[in-house]
Amino acid sequence: MMIEKMRGEHIDGVYALLKAAFVHPWSERILKGSLERETSYNIVMTDDNRVIAYLSFEKITDEGSIELIAVDPSFRRQGIARRLLELILSSFPDLSVVTLEVRASNTPAISLYSSLGFDHIAVRKNYYRDLCEDAWIMQKKI
């Protein structure tokens with residue numbers, strides 16, 4: 001398995017991963033746009049040239065935001081999301097705070113984020129419209 005910066009040739013693989021992982025995945029247009037923004041950092045993990053994990057991160061001045069993280073369902077519970085998160089957090093020593101949003105019912109993700117020092121700070125009511133589910137806003141002060 002290899003972690004690398006996402007490039008244009010990864011878009012099809014990332015899109016396939018997102019379709020497998022989410023009810024409403026980001027579009028290929030959004031993925032291409034994230035590659036073009038100076039503030040966006042995108043990494044992938046591949047296994048035999050197949051994208052098995054993706055993380056999108058936005059950094060503006062000293063603040064960061066985990067925009068999206070996805071792991072192929074057949075590779076979950078192997079520490080991959082933790083590896084990607086630890087890598088991105090250690091890559092920007094000038095950060096003062098990092099935020100993210102997570103489904104209120106996603107207890108495995110909430111547990112992971114909490115173990116990395118993220119605290120629940122707010123709720124966005126009905127943020128995930130497909131299930132009328134709230135999002136937790138979590139934050140890590142660095």
Side-chain angles (χ1 to χ4, degrees), residues 1-124 126-131 133-142:
M1 289 186 217
M2 183 170 72
I3 298 173
E4 59 187 299
K5 183 178 177 182
M6 182 179 158
R7 299 182 310 274
E9 58 262 26
H10 291 123
I11 288 178
D12 290 342
V14 171
Y15 184 60
L17 165 67
L18 297 183
K19 287 194 305 186
F22 299 113
V23 175
H24 300 289
W26 282 2
S27 67
E28 290 171 298
R29 184 181 57 79
I30 291 172
L31 291 171
K32 288 175 186 174
S34 72
L35 284 179
E36 296 169 0
R37 283 192 310 278
E38 288 182 21
T39 58
S40 186
Y41 301 87
N42 300 276
I43 55 177
V44 295
M45 179 180 277
T46 57
D47 184 42
D48 291 330
N49 294 320
R50 179 176 151 226
V51 175
I52 60 164
Y54 167 71
L55 185 144
S56 178
F57 180 78
E58 289 285 328
K59 181 182 182 292
I60 299 176
T61 64
D62 66 337
E63 296 184 9
S65 175
I66 305 293
E67 297 295 306
L68 185 70
I69 186 165
V71 177
D72 183 289
S74 63
F75 285 86
R76 290 182 182 161
R77 312 283 307 168
Q78 297 180 32
I80 291 171
R82 176 178 295 278
R83 285 179 57 195
L84 294 179
L85 286 163
E86 289 173 341
L87 174 64
I88 206 75
L89 292 171
S90 67
S91 295
F92 300 97
D94 61 331
L95 291 173
S96 64
V97 66
V98 176
T99 58
L100 59 83
E101 293 157 349
V102 59
R103 282 185 188 272
S105 66
N106 192 344
T107 53
I110 291 169
S111 177
L112 170 63
Y113 302 141
S114 295
S115 75
L116 290 169
F118 285 84
D119 296 312
H120 175 237
I121 61 165
V123 173
R124 288 206 169 121
N126 295 320
Y127 183 76
Y128 297 100
R129 293 187 191 123
D130 57 329
L131 298 174
E133 187 171 357
D134 297 343
W136 277 19
I137 301 173
M138 299 185 77
Q139 180 181 73
K140 176 183 176 79
K141 292 185 178 180
I142 301 178

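Residues F118 and V98 have side chains in contact (heavy-atom distance under 4.5 Å, counting atoms from C-beta outward). A heavy-atom distance below 4.5 Å is found between the side chains of R77 and P108. Side chains of Y113 and L85 form a contact here, defined as non-hydrogen atoms less than 4.5 Å apart. Side-chain contact check for L18 versus L31: some heavy-atom pair is nearer than 4.5 Å. For the pair S56 and W26, the minimum side-chain heavy-atom distance is below 4.5 Å.
Between A70 and F22, the shortest heavy-atom distance links the atoms CB-CE1, 3.6 Å. When all heavy atoms of A109 and V102 are compared, the closest pair comes out as CB-CG2, 3.8 Å. Residues L35 and M6 come closest through the heavy atom pair CD2-O, 3.5 Å. For the residue pair L112 and S115, the shortest heavy atom distance occurs at O-OG, 2.7 Å.
Partners of Y54 according to the ring-ring contact (aromatic ring centres under 6.0 Å, His included) rule, which considers only residues two or more places apart in sequence or in another chain, do not exist here.
Atom CZ of F57 sits about 7.0 Å away from atom CG of L89, to the nearest 0.5 Å. Rounding to the nearest 0.5 angstrom, the gap separating the CE atom in M45 from the CG atom in L84 is 5.0 Å. Rounded to the nearest 0.5 Å, atoms CG (L17) and OG1 (T46) are 12.0 Å apart. Atom CD1 of I88 sits about 5.5 Å away from atom CG of L55, to the nearest 0.5 Å. Atom CD of E28 sits about 7.5 Å away from atom NZ of K19, to the nearest 0.5 Å. Rounding to the nearest 0.5 Å places CG of L87 at 5.5 Å from CD1 of I3.
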If you look only at distance, which donor and acceptor atoms sit under 3.5 Å apart when one is on a side chain in residues 134-142 and the other is two or more places apart or in another chain?
{"residue": "D134", "atom": "OD1", "partner": "N126", "partner atom": "N", "Å": "2.9"}
{"residue": "D134", "atom": "OD2", "partner": "K125", "partner atom": "NZ", "Å": "3.3"}
{"residue": "K140", "atom": "NZ", "partner": "L116", "partner atom": "O", "Å": "2.6"}

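Side chain of H120 to main chain of A122: a donor-acceptor pair is present (N/O by atom type, distance under 3.5 Å, no hydrogens or angles).
The number of heavy atoms from other shown groups lying within 6.0 Å of CZ (R7) is above 12. Counting non-hydrogen atoms of other residues, nucleotides and ligands closer than 6.0 Å to CD of E4 gives a total above 12. Atom CZ of R103 is surrounded by more than 12 heavy atoms from other residues, nucleotides or ligands within 6.0 Å.
For the salt bridge (charged side-chain N to carboxylate O under 4.0 Å, His left out) condition, the pairs that include at least one residue of residues 47-67, sequence neighbours left out, are R37-E58, R50-D72, K59-D94.
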